[in-house]
Amino acid sequence: MDLETLRHSCAHIMAQAVKELWPETRLAIGPAIEDGFYYDFDRPEQFSEEDLLTIEERMHQIIQRDEPFIRKELSKKEAEELFQGMQETYKLELLKEIPDDKVSVYYTGKSFVDLCRGPHILSTGQIKAFKLLSLAGAYWRGNENNPMLQRIYGTCFLSQQELEAYLRDFEERKQRDHRKLGPNLELFDIYQQEAGAGLVFYHPKGALLRKIIEDYEKQEHLKRGYELVVTPHIMQADLWKTSGHYQYYRQNMYTLQIENKEFVLKPMNCPGHILIYKSKVRSWRDLPIRYFELGTVYRHEKAGVMHGLLRVRGFTQDDAHIFCLPSQLQEEIRSVIEFVFETMKVFGFNDIEIELSTRPEKSIGSDEDWQLATASLENSLKQLELKYKINPGEGAFYGPKIDIKLKDALKRSWQCATVQCDFSLPKRFNLEYIDTDGTAKQPIMLHRVILGSIERFIACLVEHYKGDFPLWLAPEQVRIIPIAEETFTYAQQVCKFLQASGIRTHCDLRNQTLNKRIRQAELDKIKYILIIGNKEIQQKVVTIRRRGIKEQITQTPEQFLTHLQTEIASRR
RNA sequence: GCUGGAGUAGCUCAGUCGGUAGAGCACGUCCUUGGUAAGGACGGGGUCACGGGUUCAAUUCCCGUCUCCAGCUCCA
């Protein structure tokens, strides 16, 4: 028996329980999802948390009754009459969109019937372990203009042990939430009351982590033929009118009026890079031109969508714009994707999702352009033998794109890297290069980010490593704990010695017991703890306690430094 | 933005059926000078998110705002 069928059937049982308890409730849809199932209901009164228990109880009764799931095929007309009689208006709406003349319905027990393709389990008694988890609102058919329904989420497993393991795992995952770990490890925080929602403050350790990431990126971009640029944070509104953002992205832009001139806090970096491109006449020999900027942008996201560092209002993109010839497009895209994969590997991410989004209904650009761009994107993925999903019609209005997503601790996907072709901006800004025949032509423009935003990426990193970063990323690599005051001087000497070679280290000289200071270093997830007492001073060594390893070793400070440098260079 | 839940010390939370609040951790001072995950004593710290209303009296009840959490929608 597969889990999906089990969960789908469990959703039916939940709907049946709700209908038995509150017959006036109308049913919408109730599928199985990755970790469970849900069902959407339309009911005048709100469900409460206690109602979930009542529903669970009723579900247990239905399961105990061991009622069979019975499939019946009906003509569309028969089905319409059936659901019309029950006043299931949502089901009628679904029926209308089924092209076939025959539809199937599933009966459970005497009274409950649901429009459903199936398959289902044989009878309700086959459900051995389930739990209702939460309540939420959800728009009918996912459209915010439709009425909001009440959704109940639940999950279901083959055995009670598996269910309990899932719930335990879920609790553990919550513990690695970057919103909890970040402030706990003194990496970053958001002061929504004092400074505003969605605006991030990096504390010293977080700022260090960020610097390490930024340094790595700048170096890698230079290696790959990108040029570094820096553009202003505010620019005149006129520029954004030319780019089209002023018209199409207004509700997300922060604007300010100074001496009768309107300025915009940049929500994107593209117009800035375009101005630099346009600063002189470009020859086909100059292309491709690749401008890279760690560009901080501000977007006024809706109140309900902010989420820790994963969705914020001010963030820094590792943004680049590539201006190239049509003949260079494919190669540029391929090397961006390779760049993304190399980078993800270095940072320890192996499990990533790739999506290719194609032309939407509302779009600009010729069929030819779209075809070339979409084919170039897809060919690159094929050449690199990558698995990807296609999102038909999900591209931007100005071009197709490839998105690369990482999952957070709670298995929610977040878009990080993206490569997007753009037919709009080169036209709007009238970008040109002089081709071999001496005529001016329009270059193709690619937008791309590797990490996405530093903020979002740091959130993913924190959750991926549970704050226990590999040595090369760790803001504090070594903590030195001298046992007693008489050993402070030697400890500080070792500290200075390591710092002089660029090791990020601190001495814990607090008047606390050794045990307590070791405990604190462990809670801070420090990779190496050096214990220094009289024994070490006499032998001119340090005792090394590595996180997660029981046996300690003793080395001279010089040996230890070499060891650290090797580990840092390995980026593991 | 929508639906529901929530906001008490730096953190985790208790409490007040309306009479301005308490614990543990953290922090400070002192004692302790400790060999591998919490030594001890004393102490400081709160406009009970913010703004209105009801009341003799509001942290508590009512309304509004802000923010957070889950989900939906959105995400150039």
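Residue numbering restarts at 1 for every chain, and letters A, B, ... go by the order of the sequence lines. All values reported here derive from a predicted model rather than from experimental measurement.
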Set of residues satisfying side-chain contact (heavy atoms from CB on, under 4.5 Å) with respect to A/D524, sequence neighbours excluded: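 Residues passing side-chain contact (heavy atoms from CB on, under 4.5 Å) with A/D524: A/R479, A/Q520, A/I526.
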Nearest listed nucleotide, side chain of A/I483, among B/U73, B/U36, B/G34: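 Output: B/G34.
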Measure from the side-chain heavy atoms of A/A136 and tell me the nearest of B/G71, B/U33, B/G35.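 Nucleotide nearest to A/A136's side chain: B/G71.
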Whole-angstrom distance between [N] and [M], as gauged at atom [atom1]:
N     : M     : atom1 : result
B/A9  : B/C25 : C1'   : 12 Å
B/U59 : B/U16 : C1'   : 8 Å
B/U55 : B/U60 : C1'   : 13 Å

Tabulated below should be each protein N or O lying under 3.5 Å from an N or O of nucleotides 44-47 of chain B; please produce it.
none

Are OP1 or OP2 of B/G4 and a side-chain N or O of A/Q46 less than 4.0 angstrom apart?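 Looking at the OP1 and OP2 atoms of B/G4, one of them is under 4.0 Å from a side-chain N or O of A/Q46.
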Does A/Q552 get its side chain close enough to the base of B/G35, under 3.5 Å, for a donor-acceptor pair?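 By the distance-only test, no, there is no pair.
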Tell me, what's RNA chain B's dot-bracket, Watson-Crick or G-U with both distances under 3.5 Å, | for other-strand, [ ] crossing? (((((((..((((.....[..)))).(((((.......))))).....(((((..]....))))))))))))....
Would you list the pairs meeting side chain to side chain donor-acceptor pair (under 3.5 Å) in which at least one residue belongs to residues 446-460 of chain A, sequence neighbours left out?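 Those involving residues 446-460 of chain A are A/Y202-A/E455, A/R210-A/E455, A/H221-A/R448, A/Y226-A/R448, A/H321-A/H447, A/D422-A/H447.
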Would you list the protein and nucleotides 61-69 of chain B atom pairs, both N or O, that sit under 3.5 Å from each other?
unit_1 : atom_1 : unit_2 : atom_2 : d
B/C69  : OP1    : A/R179 : NH1    : 2.8

Nucleotide-resolved protein contact map, nucleotides 25-32 of chain B, B/S/- at heavy-atom distance under 4.0 Å: -SS---BB
